[in-house]
Amino acid sequence: MPNALEKRFETARYNANIVKPVAAESLWEKRISNHVAYALLMYTGLQIFVVMQAIRGEGASILPYMGLVALVGIVIPLCRRVEKRWQRLVRSGTSEAELGRAYRGDRLGIWLFAIGFPFGFVALFKGLQTLI
């Protein structure tokens, strides 16, 4: 009858044969991931300092803060989706030239959204405020 230590070694050998090693993150994935992270910081900062100043009301309402949390919470899954797209792109065997073009386009889109959405939201909010 095997003792507890032998059972653990047997389980570890069994699991080592099942688990497939994860591919190392490529340079393209790291680069896009860095842009996503920095853009998310920029987006959150603009939400705090631009949007919150624009929608601050007379009373001490928590509603604008809940809206801020919701907007950031919606954007995080979108950022993760971009990173997963790049994992698929890199592992699909796409050529370096195509990856370069896709990288430039995605990078531009990430930054335009990160900077443009808070200002667009404020413009929409102010426009609706003048109508009401």
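What you are looking at is a predicted structure, and each value in this text was computed from that prediction instead of being measured.
For Q87, the side-chain hydrogen bond (donor to acceptor under 3.5 Å, both in side chains) test picks out no residue, with sequence neighbours left out. For Y103, the side chain to side chain contact (heavy atoms under 4.5 Å, CB included) partners are W28, R31, I32, H35, W86, R107, not counting sequence neighbours. Taking S92 as the reference, T94 meet the side-chain hydrogen bond (donor to acceptor under 3.5 Å, both in side chains) condition, with sequence neighbours excluded.
Applying side-chain contact (heavy atoms from CB on, under 4.5 Å) to V36 and the options V82, I76, L78 leaves one that passes, V82.
You'll find the side chain of V75 reaches within 4.5 Å of the side chain of F113, heavy atoms only. At least one side-chain heavy atom of I48 sits less than 4.5 Å from a side-chain heavy atom of T44. Here the side chains of V51 and L46 are not in contact, with every heavy-atom distance at 4.5 Å or above.
Residue R101 holds its CZ atom at 6.5 Å from OG of S95, rounded to the nearest 0.5 Å. Taking CZ of R104 as the start and CG of L99 as the end, the distance is 10.5 Å to the nearest 0.5 Å.
Salt bridge annotation for R85-E29: absent, with no cationic side-chain nitrogen under 4.0 angstrom from a carboxylate oxygen.
Between A39 and A114, the closest heavy-atom pair is O-CB, 3.5 Å.
Linking Ile, Leu, Val, Met, Phe, Trp and Tyr residues whenever their side-chain heavy atoms come within less than 4.5 Å places F119 and L41 in a single cluster. Under the 4.5 Å side-chain heavy-atom criterion for Ile, Leu, Val, Met, Phe, Trp and Tyr, F49 and W111 are members of the same hydrophobic cluster. Both Y38 and F117 sit in one connected hydrophobic cluster of ILVMFWY residues. Membership requires side-chain heavy atoms under 4.5 Å apart, directly or through other members.
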